[in-house]
Participant: 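Have a look at this one.
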Amino acid sequence: QHDADRRGQLLEEGDVRGRELLGVGEEIASDALLRATISRADATGEVEDSNMHRLPRSGGPLMVIDLAVALRGGAGDATLPGAVIVARVHPGGFLEGVTAAGAGGFQSGETLLVRRDGDRLLYLGRPRLGDQQPFATELPMSRDELASVRLLKGDRGPLEALDYRGVPVLAAGSPVAGTDWMLVTKADAAEIRAPLLRFFLMAAGLVVAAIVVAGVLVALWWRGERLRAHLRLAIAEARADALAQRFGWVNRHAHDVILLLDESGRILDVNESAERLYGYSRDQLLGMTVFDLRDPDPGERARAQAQIATVRGSGALLFEARHRRSDGTTFPVEVSSGRVEVGGQHYVQSVVRDISERKAQEARIAQLAAERDRTLAQLQLQFERMPIGCVVTGPGFAGMKVNPAFERMFGYTQAEFARPDGHELIVPPEMRATLFEQLAPITTGDQTITLVHENLTKSGQRITCRWS
């Protein structure tokens, strides 16, 4: 990509830190979360993302999403990793049109994207009015006088409270589907009520005879103003809902299966990948529990209940299990489950990945390893039981390994032959200078030679040996 909102890098795979080979756009600094995303992409061969997170910078934190995918290739083997492509997306780029437009036509109106992180309230980017005074991108959730805090704790509004500036505002919120973010729309209460205040100041100067007429006019005007204010908030909420749908599109069209469960395991929402993987329609899945998707083995339900309890307690869990399709066939999966809170309610979100191919590869590797071990064991047995002397050595006769027949023939033990100069024990002194020249053909190519010459035994006897 060529714009400032995206950054592409080609990283060398062999280094955990990721040596940059090629890059365009802004610089992407390596951190623990990015390295973990690169490692997952290299391990799985799939596109992996880091979820939306904040990066510190001098002008204030920046919200980004990092995507990583491993390139495959090398010597005709498609399973060998070569490099990793990393792309960085700034979600603020497509949200700024909504957040910068204000809310309901009010000059003080703002649309904010906020989320709860433990005991803190986090803002996505800097609010439109944040430049008017010092601004903190995170605030404690204990400040119940703030509109955003009350909305994140479940109060949907419209409500009157303070904003991050300490100014009274009228606000409403809408959760972003499939995420823990919330769209908050607000405007200063003083601006909404300013026309009414001006009218009351004018009415104070009227004569007593016009009081009744003025009261009627005020009532009619106030009713109209309330209707218009509610209409503006409704329009702003509709825009926030549309933005929330765009945000939820990412989860709905993800390659992996995404399940949203309540704390009892009942399925509340699924993405399109779930329909393809399990063979059920969306309506069928929404009438099921996560236990209906597990292997029918009697112990699976108990394991699934224990896993959900672990997620509720610790907040996250990564595990493997066997799931069942609509036709009754089962398959292995890797499940990453986490606890999420939306509107004060706790849910469990599970990302499910079919690992059938990975398990098949692991089984094949284990089979090949077993075959290798059996072959090596057979070769070792044959080597030890050969009736003629046999020696295995490296270049320059380093690290000689001999069989029992060889030990009996020359009278030396394996420990003696293992010395760096072990070959000199059996080679006569007058032949040592020419020995390497005679053996040169087998060190430079795939050749076989035969030599017949005298050798020395441990007792000093010279014996004639034929070497092949």
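Only heavy atoms go into these numbers, but all of them, side chains included; no hydrogens, no water, no symmetry mates. Note that the structure is a prediction, hence the values are computed from the model and not measured.
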Participant: Give the intermediate values and the outcome of side chain to side chain contact (heavy atoms under 4.5 Å, CB included) for residues R353 and V333.
Facilitator: CA-CA 5 Å; R353 174 169 296 176; V333 296; over 6 Å; no
Participant: Using the ring-ring contact (aromatic ring centres under 6.0 Å, His included) rule, collect all pairs that involve residues 327-374, keeping only residues at least two apart or in two chains.
Facilitator: none
Participant: Minimum heavy-atom separation for P296 and R324, please, with both atom names.
Facilitator: CB-NH1, 3.5 Å
Participant: Quick one: pull up CD1 in I308 and CG in L261 and give me the separation to the nearest 0.5 Å.
Facilitator: 6.0 Å
Participant: With a 3.5 Å cut-off and no angle check, do the side chains of T330 and R322 form a donor-acceptor pair?
Facilitator: yes
Participant: Looking only at heavy atoms, what is the nearest atom pair of T37 and E48, with distance?
Facilitator: CG2-O, 3.8 Å
Participant: Do R364 and Q367 have side-chain N/O donor and acceptor atoms under 3.5 Å apart?
Facilitator: yes
Participant: Does any pair with a residue in residues 146-155 pass salt bridge (Lys or Arg N to Asp or Glu O under 4.0 Å), and if so which ones, sequence neighbours excluded?
Facilitator: D144-K153, R150-D155
Participant: Measure from the side-chain N and O atoms of N455 to the backbone N and O of V427, and report whether any donor-acceptor pair falls under 3.5 Å.
Facilitator: no
Participant: Begin from the C-alpha positions of K359 and E320 and carry the test salt bridge (charged side-chain N to carboxylate O under 4.0 Å, His left out) through to its verdict.
Facilitator: CA-CA 11 Å; K359 289 297 183 182; E320 293 184 1; 2.8 Å; yes
Participant: Test of understanding: with salt bridge (charged side-chain N to carboxylate O under 4.0 Å, His left out), list the residues that count as partners of R301, not counting sequence neighbours.
Facilitator: none
Participant: Does the side chain of L456 come within less than 4.5 Å of R462's, by heavy atoms?
Facilitator: yes
Participant: Please round to the nearest 0.5 Å and tell me the distance separating atom CZ of R312 and atom CZ of R339.
Facilitator: 10.0 Å
Participant: With a 4.0 Å cut-off, would you call R282 and E272 a salt bridge?
Facilitator: no
Participant: Rounded at 0.5 Å granularity, tell me how far CG in L162 sits from NZ in K186.
Facilitator: 10.5 Å
Participant: Return the minimal non-hydrogen interatomic distance between I267 and V290, and the atom names on each side.
Facilitator: CG1-N, 3.9 Å
Participant: Does the plane of the ring in W467 sit parallel, tilted or perpendicular to the ring in H453? Use 30° and 60° as the thresholds.
Facilitator: parallel
Participant: If you take all heavy atoms of L293 and L285, which pair is closest and at what distance?
Facilitator: CD2-CD2, 4.2 Å
Participant: Are the charged groups of R165 and D163 less than 4.0 angstrom apart, N to O?
Facilitator: yes
Participant: Taking the six-membered ring for Trp and the full ring for Phe, Tyr or His, determine whether the centres of Y412 and F406 are under 6.0 Å apart.
Facilitator: no
Participant: Side chains of R40 and T44 only: does a donor on one sit below 3.5 Å from an acceptor on the other?
Facilitator: no
Participant: Using modelled atom types only, decide if a donor and an acceptor are shared between the side chain of Q414 and the backbone of V402 within a distance under 3.5 Å.
Facilitator: yes
Participant: Should we say atom CG of L368 is surrounded by more than 12 heavy atoms from elsewhere, each under 6.0 Å from it?
Facilitator: yes
Participant: Without hydrogens or angle criteria, can the side chains of D354 and S356 be said to hold a donor-acceptor pair below 3.5 Å?
Facilitator: yes
Participant: Side chain to side chain contact (heavy atoms under 4.5 Å, CB included) between D256 and V352: does it pass, once the steps are laid out?
Facilitator: CA-CA 6 Å; D256 292 332; V352 182; over 6 Å; no
Participant: In chain order, what residues pass the side chain to side chain contact (heavy atoms under 4.5 Å, CB included) check against D292, with sequence neighbours excluded?
Facilitator: M288, T289
Participant: Look at the side chain of Q349 and the backbone N and O of L259, then say whether any donor-acceptor pair between them is shorter than 3.5 Å.
Facilitator: no
Participant: Given L139 and R120, is the side chain to side chain contact (heavy atoms under 4.5 Å, CB included) satisfied, shown in steps?
Facilitator: CA-CA 6 Å; L139 295 171; R120 299 175 302 161; over 6 Å; no
Participant: On a heavy-atom basis, which atom in V149 and which in P140 lie closest, and how many Å separate them?
Facilitator: CG2-O, 4.0 Å
Participant: Which residues satisfy the side chain to side chain donor-acceptor pair (under 3.5 Å) test with Q345, sequence neighbours excluded?
Facilitator: none
Participant: When rounded to the nearest 0.5 angstrom, what is the spacing between CD in Q305 and OG1 in T310?
Facilitator: 12.0 Å
Participant: Measuring from D421:CG to M400:CE, what's the distance to the nearest 0.5 Å?
Facilitator: 10.5 Å
Participant: Check step by step if side chain to side chain contact (heavy atoms under 4.5 Å, CB included) holds for C465 and F410.
Facilitator: CA-CA 11 Å; C465 299; F410 293 99; 4.0 Å; yes
Participant: Under a 4.5 Å cut-off applied to non-hydrogen side-chain atoms, are T464 and V452 in contact?
Facilitator: yes
Participant: Under 3.5 Å, side-chain donor or acceptor atoms of residues 372-384 against the rest of the protein: list the pairs with distances, not counting sequence neighbours.
Facilitator:
unit_1	atom_1	unit_2	atom_2	d
T375	OG1	E371	O	2.9
Q380	NE2	E384	OE2	2.7

Participant: Mind listing the closest non-hydrogen atom pair of A304 and R294 along with its distance?
Facilitator: CB-NH1, 3.2 Å
Participant: I'd like to know if E454 and R466 make a salt bridge, using a cut-off of under 4.0 Å between side-chain N and carboxylate O.
Facilitator: no
Participant: Is there a donor-acceptor pair under 3.5 Å between the side chain of S326 and the backbone N or O of Y280?
Facilitator: no
Participant: Quick check for you: to the nearest 0.5 Å, what is the distance between K458 atom NZ and L425 atom CG?
Facilitator: 9.0 Å
